[in-house]
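Below is one structure; the comments refer to it alone.
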Amino acid sequence: MFKYFKDEAKLVLLDGAIFWLPTGSTSKSSLFTAYGRALRAPNGYFGENWDAFSDCLLDLDWIDSFEVFLIHRELPHLSQEETAIYLDILQHAMTTWSDKKTDELSHLYPSFIPHRLTIYSPREIEELVSSFVGGGASHSHSSGA
């Protein structure tokens, strides 16, 4: 589930790993680069296509905190199709991390670090985000990769 904020200043009180996503992404490439930098991903890498981007969101093993917060100040400036894919990937990642089977992996593999991923966006874009993620979607992102 996406969450929304009115007062950005209160987000600093969140307990966990907080990552502020930069504004101004106008392409998939700039979005992936922004994520790599913001999340301090290994070698700055965060995918070169939608499938790789999704995989990166599902493999946050360099982050020690259970709670992981990604905070948008705005949505990336992408086409409607790419925005839908982007938000679907975020929704899928949040759902996967909160799945009981994912949590069980930490018991089977002691080196596996489970996370709870939460995405925050400004309240002003709640209706826009809901219009994209409200209808459900497939999780295959190879078109337009």
Side-chain angles (χ1 to χ4, degrees), residues 1-78 82-130 132-134 136-145:
M1 174 187 294
F2 289 86
K3 294 191 176 187
Y4 302 92
F5 62 86
K6 287 183 186 178
D7 184 0
E8 183 178 299
K10 291 182 180 179
L11 295 175
V12 298
L13 301 175
L14 294 171
D15 186 20
I18 302 171
F19 300 99
W20 296 84
L21 300 171
T23 60
S25 292
T26 57
S27 68
K28 288 189 304 187
S29 177
S30 66
L31 178 66
F32 302 152
T33 299
Y35 262 85
R37 289 182 182 149
L39 273 71
R40 298 180 291 281
N43 300 318
Y45 177 80
F46 223 79
E48 294 180 8
N49 58 53
W50 290 121
D51 288 330
F53 177 71
S54 179
D55 289 347
C56 288
L57 283 173
L58 296 174
D59 180 16
L60 302 173
D61 65 346
W62 70 95
I63 299 172
D64 291 332
S65 179
F66 173 71
E67 296 284 355
V68 178
F69 302 99
L70 303 180
I71 302 172
H72 289 100
R73 289 188 171 108
E74 66 179 19
L75 284 179
H77 304 283
L78 305 171
E82 288 181 327
T83 299
I85 292 169
Y86 171 64
L87 292 173
D88 180 54
I89 290 170
L90 294 181
Q91 181 70 46
H92 177 69
M94 287 186 291
T95 301
T96 301
W97 279 115
S98 66
D99 186 82
K100 184 178 180 181
K101 291 178 185 176
T102 302
D103 184 52
E104 290 170 358
L105 287 174
S106 64
H107 301 292
L108 295 172
Y109 304 98
S111 63
F112 177 77
I113 301 170
H115 299 289
R116 180 171 35 222
L117 179 63
T118 306
I119 312 291
Y120 278 93
S121 297
R123 172 113 13 235
E124 299 83 48
I125 66 171
E126 179 176 7
E127 198 171 306
L128 175 63
V129 171
S130 295
F132 282 102
V133 297
S138 71
H139 298 290
S140 173
H141 308 288
S142 49
S143 68

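With contacts defined as side-chain heavy-atom distances shorter than 4.5 Å, the pair Ser54/His92 qualifies. Using a 4.5 Å heavy-atom cutoff, the side chains of Leu57 and Leu70 are in contact. Here the side chains of Trp50 and Glu82 are in contact, with some heavy-atom distance below 4.5 Å. Proximity of Tyr120 to Lys3: side-chain heavy atoms (C-beta onward) are separated by under 4.5 Å at one or more points. Looking at Glu8 and Ile71, their side chains never come closer than 4.5 Å, going by heavy atoms from C-beta outward.
Under the ring pair (Phe, Tyr, Trp, His ring centres under 6.0 Å) test applied with Phe32, the options Tyr86, Phe53, Phe46 reduce to a single match, Phe53.
Crowding of Arg123 atom CZ: a count of heavy atoms from other residues, nucleotides or ligands under 6.0 Å exceeding 12. The environment of CG in Asp15 is sparse: at most 12 heavy-atom neighbours from other residues, nucleotides or ligands sit within 6.0 Å.
Atom CD1 of Ile63 and atom CZ of Phe19 lie 4.0 Å apart (nearest 0.5 Å). Here the OH atom belonging to Tyr35 is positioned 14.5 Å from the CZ atom belonging to Arg40, to the nearest 0.5 angstrom. In this structure, CG on Leu11 lies 13.5 Å from NZ on Lys6, to the nearest 0.5 angstrom. To the nearest 0.5 angstrom, Leu21 atom CG is 7.5 Å from Ile119 atom CD1. If you take NZ on Lys28 and CG on Leu78, they are separated by 9.5 Å, rounding to the nearest 0.5 Å. From His77, atom NE2 reaches atom OG1 of Thr26 across 8.0 Å, with rounding to the nearest 0.5 Å.
The two residues Cys56 and Gly47 make their nearest non-hydrogen contact at SG-N, 3.8 Å. The minimum heavy-atom distance linking Glu74 with Gly24 is given by the pair OE2-N, 2.8 Å. Of all non-hydrogen atoms in Ala93 and Leu117, the two that sit nearest each other are CB-CD2, 3.7 Å. Considering every non-hydrogen atom in both Asp61 and His115, the closest pair reads N-NE2, 4.5 Å. Contact detail for Trp20 and Val12: the closest heavy-atom pair is CZ2-CG1, 4.4 Å. A pairwise comparison of heavy atoms in Ser25 and Ser30 identifies CA-OG, 3.5 Å as the closest pair.
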**OP:** Dump the intermediate steps for side-chain contact (heavy atoms from CB on, under 4.5 Å) on Ile113 and Asp64, then the final yes or no.
**Re:** CA-CA 7 Å; Ile113 301 170; Asp64 291 332; 4.2 Å; yes
Original post:
Would Tyr4 and Val129 count as a side-chain contact (heavy atoms from CB on, under 4.5 Å) if you check the C-alpha gap in whole Å, the side-chain angles of each, and the deciding distance to 0.1 Å?
Top reply: CA-CA 10 Å; Tyr4 302 92; Val129 171; 3.2 Å; yes
**OP:** Go through the steps to decide whether Leu75 and Leu87 satisfy the test side-chain contact (heavy atoms from CB on, under 4.5 Å), and finish with yes or no.
**Re:** CA-CA 9 Å; Leu75 284 179; Leu87 292 173; 3.9 Å; yes
Subject >> Worked check of side-chain contact (heavy atoms from CB on, under 4.5 Å) between His72 and Leu90 >> reply: CA-CA 12 Å; His72 289 100; Leu90 294 181; 3.7 Å; yes
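Using a distance-only test at 3.5 Å, with no hydrogens or angles considered, no donor-acceptor pair links the side chain of Asn43 to the main chain of Tyr45.
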